[in-house]
Amino acid sequence: MGSSIEDPTDQLTVTPPKEWAAGVPAVVHAIQYSLRENSARRTALTLLNINQTKGFDCPGCAWPEPAPGKRHKNEYCENGAKHINDEATTRRVTADFFREHSIAELDGHSDYWLNQQGRLTEPMVKRPGATHYEPVDWDEAFDIMARELRALASPDEALFYTSGRLNNEAAFLLQLFARVLGTNNLPDCSNMCHESSGFALGETLGIGKGNVTLDDIHHADLVFVVGQNPGTNHPRMLSALEETKDNGGSVVAVNTLPEAGLMRFKNPQQVGGVIGRGTAIADQFLHIRAGGDLALFQALNRLLLEAEDAAPGTVLDQDYIAANTVGFEAFADGARTVAWEDVLKATGLSRAEIEEVHRRVLGARNVIVCWAMGLTQHKHGVPTIREVVNFLLLRGNVRPGAGVCPVRGHSNVQGDRTMGVWEQMPQSFLDALGKEFGFTAPTRHGLDSVGAIRAMRDGAAKVFVGLAGNFVRATPDSEVTEAALRRCSLTVQVSTKLNRSHTVCGETALILPTLGRSDRDVQATGEQFVTVEDSMSEVHASRGRLAPASPHLLSEVAILCRLARRTLGKEDPIAWEDFEADYGTVRDHISRVVPGFEDFNARVDRPGGFALPNPVNSAVFPTRSGKAQFSLNEFTMLEPPPGHLVLQSLRSHDQWNTIPYAMNDRYRGIHNARRVVLVNPEDITELGLTDRQSVDLVSIWHDGTERRAAGFCVVSYPTSRGSAASYYPETNVLVPLDSVADISNTPTSKGIIVRLEPVADAH
Ligand SMILES: Nc1nc2c(c(=O)[nH]1)N[C@H]1C(S)=C(S)[C@@H](COP(=O)(O)OP(=O)(O)OC[C@H]3O[C@@H](n4cnc5c(=O)[nH]c(N)nc54)[C@H](O)[C@@H]3O)O[C@H]1N2
Ligand SMILES: Nc1nc2c(c(=O)[nH]1)N[C@H]1C(S)=C(S)[C@@H](COP(=O)(O)OP(=O)(O)OC[C@H]3O[C@@H](n4cnc5c(=O)[nH]c(N)nc54)[C@H](O)[C@@H]3O)O[C@H]1N2
Ligand code: SF4
Ligand SMILES: [Mo]
C-alpha cells in the first residue's frame with residue numbers, strides 16, 4: 001500500500017557537473033533502480049525484451065532501434081530500463097488505498113509519491129460531492145461516460161487528450177470515435193512538444209516529420225544537435241553519434257548548458273567504453289543564450305550567401321535550389337541584411353565561433369540538423385525551425401542522407417499523429433476516414449491543449465477524457481488549468497499509474513486502469529500485439545510479455561471500443577466488438593485510410609517492421625507550391641527587462657516528463673533536490689544574489705499579472721549568461737496560459753521571463 005514511501009524533502013548537495021555520459025555507472029544505476037522495484041527474475045524478463053523484434057517497444061523515448069541484425073542483446077539505455085521498471089513495478093494501488101486516502105489528501109502529496117504507489121488495479125469513481133474514490137465496475141463506468149457525453153449540448157463540449165504513449169491502434173480508434181461523435185477536439189502532448197516542428201516543416205517541406213534515417217546519422221559529415229539533451233532524454237542517440245564520429249563525421253552542439261552527453265560518451269555496450277576515455281561527442285560546442293538559435297542560423301545563412309557571392313557556383317547548390325525550391329530571392333535579400341551586432345547580442349557567441357561553424361559547413365556534404373525542446377518551446381520556435389530549413393536548402397541538404405531530424409519525445413508521439421490524432425487533420429484524411437466508415441467527419445478545427453484549457457475555464461467544454469499522460473502537470477499555468485478541470489462535469493483518466501490528474505477532478509471523476517507496454521494483451525481471438533512509429537518513421541510491432549498488473553485491467557483498445565459502443569448505441573454500424581477481439585481488423589482499416597500503411601498487417605509482421613515513405617527524399621515537396629519553401633523570418637531575440645532572466649523548464653536525469661523517479665540530476669551534479677534554479681555565476685553577482693540562496697521565482701507577463709513558484713535554491717552553474725534553468729513540472733505554474741509560440745500555440749516553457757526574489761532562508 002506504499003505506506004513506507006515518504007514525500008521527499010529537498011536536501012541539496014551539489015557536485016561539479018559531469019563531463020561525460022553513460023558508461024558503467026549508468027547501467028549499474030539502472031539495475032539498482034530495477035531491483036528496488038522488481039525481483040531479479042522480473043528484471044531479467046523485462047530488460048531482455050526491450051526493443052527486441054519479438055519483444056516490446058521501450059516506453060521511453062522515440063529514438064529508433066538499429067536494424068534487426070545489428071541489435072545488441074541489451075538494446076536499451078539506463079533510462080529505458082528505468083521507464084520499463086517503473087511500469088513493471090510490483091507495487092499496487094488497490095480499492096483499500098483509495099478508502100484510506102481522501103482525494104484532498106492525495107492532492108497534498110508530491111508527484112513522486114503518487115507515482116511510487118504503484119500500478120492502478122481497478123476502475124474507480126469519484127461521485128458528485130464525494131471526498132474519496134470508490135470502486136466501480138467497468139459497465140457502470142462506461143454508462144457514466146456515455147450518459148455524460150450524450151447529455152452535452154454539442155460534441156464540441158467534449159475533449160479527448162492523448163499522450164504519446166498511446167499505440168497506433170488505440171490512437172486510430174480514439175480519433176475515429178471522437179469524429180463519429182462529431183468533434184475534432186483532440187488535444188495531445190505534441191501541442192506542448194514538437195508542434196512547432198510540425199508547423200515549420202509542414203509549411204516549408206510539406207511534411208511535418210524528419211526525413212533522415214539512423215543510417216544517415218551514422219554516415220553524415222556534420223550533425224548539429226540543437227536545443228537537445230540526448231545524454232538524458234535520448235541516450236541511445238549517443239551511440240549513433242559515436243558511430244558518426246567513428247566514420248569521420250563531426251558534431252556541433254548548440255545549447256544553453258554544457259550537457260554531459262554532448263561532451264563525451266562512454267558506450268556501456270563496448271568494452272572500450274567501460275574503461276577508456278570514451279568518445280568526445282561535440283567537435284564544437286556553442287554555448288548559446290536562450291532563444292538565440294534563430295539569430296545563429298540567420299548568421300550562418302548570411303555567411304553562406306556571402307561566400308557564394310565571393311565565389312559564385314561553389315557554395316550554394318544552385319541546381320537544387322532552381323529545381324526544388326521557391327522563395328529564394330526574397331529570403332536571400334532579407335538574409336543579407338542580418339546585422340552582426342544583433343546576432344552577437346542574441347546568441348552571446350563570438351563572430352569567430354560562428355565563422356568556425358561556417359567553415360565546417362563548407363567542408364561537409366551531408367549535413368543533418370537534430371533538435372528538440374530547446375527550439376520548439378520558444379515564442380519564435382516556428383521561425384527558428386523554418387530558418388534551419390533555409391540553412392539546409394541552401395546547400396541542397398534536404399534529400400537522402402541529409403536533412404531535418406526533429407527528435408521526438410514519447411515512444412509513439414509521431415505515430416499518434418499519423419493515425420489522425422490532431423485537431424486539424426487535412427481534409428484528405430477526413431474524407432478517407434469518412435469513406436471507410438460511412439460517415440461525414442466534422443471539418444471544423446478542434447481544440448488543442450491550450451484551447452482546451454480555455455474552453456474548460458470558460459465553461460465551453462465539460463467532459464475531459466485523457467488517454468495516457470498527465471494533462472494537469474504537462475500543461476502551463478497550473479493554477480488556471482487545475483481550476484479549469486475542476487469546472488468539468490466529468491473527468492476521465494485512462495492510466496497505468498497514479499498522478500496529479502487523478503487528484504484534480506471534475507464533478508464526477510473516473511480512473512480507468514489499463515495495460516502498459518510490457519503487459520501481455522489477450523483478447524477473444526488470442527494474444528494481441530500493437531504497433532508504434534519511431535522518430536524516423538519506422539513502424540513496428542510491440543508485444544507485452546509480463547502478466548498484467550491486475551486481472552481487472554482492460555487494454556486501451558478495449559476501453560475505447562466499449563466506450564464507443566455504449567455511447568453511440570447498437571445502431572452504430574462500426575464493428576467495435578470485432579476491433580476489440582482482433583487488433584488486426586483495426587490495422588486493416590488503417591491500411592485503407594492512412595497513406596503509407598498499405599498491406600499493414602503483412603508488412604508489420606516482418607522483423608523490424610517497415611519504414612513509411614518520406615516524399616521529400618524523392619524530391620517531392622507536398623507544399624502549396626509543390627516545392628520546398630524558403631522563408632523570410634524576422635530577427636527576434638528574447639530581451640528580459642533589467643533584473644530579469646530567461647528561465648527554461650527542463651528535465652532532470654531522474655524523471656520521465658511529469659514524473660520524478662528520484663530526486664537526482666546526476667550529470668548536472670544536483671543531488672536530493674528539485675526546487676533548484678541554475679544560474680550563471682556572473683548573473684548571480686550582477687543580481688546581488690549568492691550561491692545557495694533561497695529565492696522565489698516570479699514570472700511577469702504583458703498584462704501585468706505575476707506568477708510565483710516559491711522556495712527555490714540558487715545554484716551557481718555554467719549556464720549561458722541571462723539563461724536560468726529549473727525543472728518541470730514544478731515551474732509550470734510560471735508559464736502564462738497565453739504565453740505561446742506564434743503559429744504552433746506551444747506553451748513557451750523554455751522562455752519564461754522571471755525575477756529571483758530573495759526569501760528568508762527556511763534552513
Ligand atoms: N529520461 C527521459 N527521457 C525523455 C523524457 C524525460 O522526461 N526523461 N521526455 C521525452 C520527451 S516527451 C521529450 S519531448 C524529449 C525532450 O528532450 P529534450 O528537448 O532534450 O528535453 P529538455 O529537458 O526539455 O531539454 C531541452 C534542452 O534544450 C536546451 N535549451 C533550452 N533552451 C535552449 C535554447 O534557447 N537554445 C538552445 N540551443 N538550447 C536550449 C536545454 O539546456 C536542454 O539541454 O525527451 C524524451 N525523453
Ligand atoms: N514546463 C514544461 N512543461 C512541459 C514540458 C517542458 O519541457 N516544460 N514538456 C512538454 C512535453 S515535451 C510533453 S511530451 C508533455 C508530456 O505530457 P504527458 O505525456 O501528458 O505526461 P507524462 O508525464 O508522460 O504522463 C505520465 C502518465 O502517463 C500514464 N501512462 C504511462 N504509460 C501509459 C500507458 O501505456 N497507457 C496509459 N493509458 N497511460 C500511461 C501514467 O499514468 C503516468 O502517470 O509535457 C509537456 N510539458
Ligand atoms: S534511447 Fe529511448 S527508446 Fe532507446 S532504450 Fe533509451 S529511453 Fe528507450
Ligand atoms: Mo515531448
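Each ligand, and each atom within it, is numbered from 1 in the order the structure gives. Computed from a prediction, not measured in an experiment: that's the story for all the values here.
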(Q) As an exercise, identify every atom of ligand 1 less than 4.0 angstrom from a heavy atom of C61. (A)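 Listed by number with element, the hits are 47 (N).
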Q | Proximal atoms of ligand 1 relative to I288 (non-hydrogen, under 4.0 Å) | A |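 Within the 4.0 Å cut-off of I288, ligand 1 contributes 36 (N), 37 (C), 38 (N).
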I need the nearest protein heavy-atom contact for [atom]: residue, atom name and distance, please.
atom                    : result
atom 20 (O) of ligand 1 : N229 N, 2.8 Å
atom 31 (C) of ligand 2 : R165 NH1, 3.1 Å
atom 45 (O) of ligand 2 : Y728 OH, 2.7 Å
atom 9 (N) of ligand 2  : R651 NH2, 3.1 Å
atom 23 (O) of ligand 2 : T658 OG1, 2.5 Å

Can you name the atoms of ligand 2, numbered from 1 with element, that are less than 4.0 Å from a heavy atom of [X]?
X    : value
Y161 : 17 (O), 18 (P), 20 (O)
W656 : 23 (O), 24 (O)
N499 : 27 (C), 42 (O), 43 (C), 44 (O)

When you compare ligand 2 with [X], is there at least one nitrogen or oxygen pair between them that comes in under 3.5 angstrom?
X    : value
T514 : no
R517 : no
C189 : no
K497 : yes
K750 : yes
G469 : yes
A474 : yes
Q377 : yes
E87  : no

Should [X] be counted as touching ligand 1, given the test is an N or O pair under 3.5 Å?
X    : value
M373 : yes
N233 : yes
L375 : no
G409 : no
D293 : yes
N255 : yes
S649 : no
A290 : no
N657 : yes

Q. For N470, is the nearest heavy atom under 4.0 Å from an atom of ligand 2?
A.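 Contact check N470 vs ligand 2: positive.
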Q. Can T496 be said to touch ligand 2, with heavy atoms closer than 4.0 Å?
A.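 Judged by the 4.0 Å heavy-atom criterion, T496 does count as contacting ligand 2.
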Q: Mind running side-chain hydrogen bond (donor to acceptor under 3.5 Å, both in side chains) on D665 and Y727 for me, showing each step along the way?
A: CA-CA 10 Å; D665 194 5; Y727 302 124; 2.7 Å; yes
Q: I would like to know whether D107 and R500 meet side chain to side chain contact (heavy atoms under 4.5 Å, CB included); could you show each step before the answer?
A: CA-CA 7 Å; D107 199 36; R500 179 87 43 217; 3.3 Å; yes
Q. Under the 6.0 Å and 45° cation-pi test, does R543 pair with F529?
A.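 R543 over F529 ring: yes.
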Q) Backbone, side chain, both or neither: what part of H234 comes under 4.0 angstrom of ligand 1, heavy atoms only? A)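 It is the side chain that gets close, since no backbone atom is under 4.0 Å.
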Q) Is there a donor-acceptor contact under 3.5 Å linking the side chains of S537 and Q414? A)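 Side chains of S537 and Q414: pair found under 3.5 Å.
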Q.
If I compare all heavy atoms of N167 with all of T531, which pair ends up nearest, and what's the gap?
A.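 Looking at all heavy atoms of both residues, the shortest contact is CB-O, 3.7 Å.
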Q | Side-chain touch P17/Y667, heavy atoms, less than 4.5 angstrom | A |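 No, their side chains stay 4.5 Å or more apart.
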Between [X] and [Y], is the ring centre distance below 6.0 Å?
X    : Y    : value
Y133 : H502 : no
F471 : F464 : yes
F177 : F160 : yes
F224 : F391 : yes

Q.
So, applying side chain to side chain donor-acceptor pair (under 3.5 Å) with H653, which one of N229, T232, N664 is it?
A.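 Per the side chain to side chain donor-acceptor pair (under 3.5 Å) rule, the option paired with H653 is T232, out of N229, T232, N664.
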Q: Applying side chain to side chain donor-acceptor pair (under 3.5 Å) between S411 and each of R517, E533, R165, report the one that passes.
A: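 Going through R517, E533, R165 one by one, the side chain to side chain donor-acceptor pair (under 3.5 Å) with S411 is satisfied by R517 alone.
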Going by the atom numbers of ligand 3, which of them fall below 4.0 Å from some non-hydrogen atom of [X]?
X    : result
C58  : 3 (S), 5 (S), 7 (S), 8 (Fe)
G80  : 6 (Fe), 7 (S), 8 (Fe)
P235 : 1 (S)

**Q.** Rounded distance (nearest 0.5 Å) linking atom CG of L498 with atom CG of N115
**A.**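 Here the interatomic distance stands at 8.5 Å.
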Q.
At less than 2.8 Å, would any N/O/S atom of C77, backbone or side chain, sit next to atom 2 (Fe) of ligand 3?
A.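 No, since none of the N, O or S atoms of C77 sits under 2.8 Å from atom 2 (Fe) of ligand 3.
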**Q.** Proximal candidate to atom 1 (S) of ligand 3 [heavy atom criterion; set E65, H83, R236]
**A.**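 Heavy atom nearest to atom 1 (S) of ligand 3 belongs to R236.
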Q) In a check of salt bridge (charged side-chain N to carboxylate O under 4.0 Å, His left out) between R236 and each of E65, E78, E243, E242, which one passes? A)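 Checked E65, E78, E243, E242 against R236; only one passes salt bridge (charged side-chain N to carboxylate O under 4.0 Å, His left out): E65.
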Q. Where the side chain of H380 meets the backbone of G291, is there a donor-acceptor pair that is under 3.5 Å apart?
A.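 Looks like yes, one N/O pair under 3.5 Å.
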Q.
Quick one: does any side-chain atom of T731 pair with a main-chain N or O of S649 as donor and acceptor, under 3.5 Å?
A.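 Between the backbone of S649 and the side chain of T731 there is no qualifying donor-acceptor contact (under 3.5 Å).
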Q. According to the interplanar angle, ranging from 0 to 90°, do the rings of F285 and H287 count as parallel (below 30°), tilted (30 to 60°) or perpendicular (above 60°)?
A.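 It falls in the tilted class, 30° to 60°.
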Q. Do the ring planes of F199 and W422 sit parallel (below 30°), tilted (30 to 60°) or perpendicular (above 60°)?
A.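 Judged by the thresholds at 30° and 60°, the geometry between F199 and W422 is perpendicular.
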**Q.** Partner residues of E353 under the side-chain contact (heavy atoms from CB on, under 4.5 Å) criterion, sequence neighbours left out
**A.**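 Listed in chain order: Q284, L286, L349, S350.
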Side chain, backbone, both or neither: which applies to [X] and ligand 2 if a contact is any heavy-atom pair less than 4.0 Å apart?
X    : result
M192 : both
H410 : side chain
E556 : side chain

Q.
Check contact between H194 and ligand 1, using heavy atoms of the residue and a distance below 4.0 angstrom.
A.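 Flag not set, H194 not near ligand 1.
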Q | Whether G60 lies under 4.0 Å from ligand 1, heavy atom | A |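 In this structure, G60 fails to qualify as a contact of ligand 1 - no heavy atom is under 4.0 Å.
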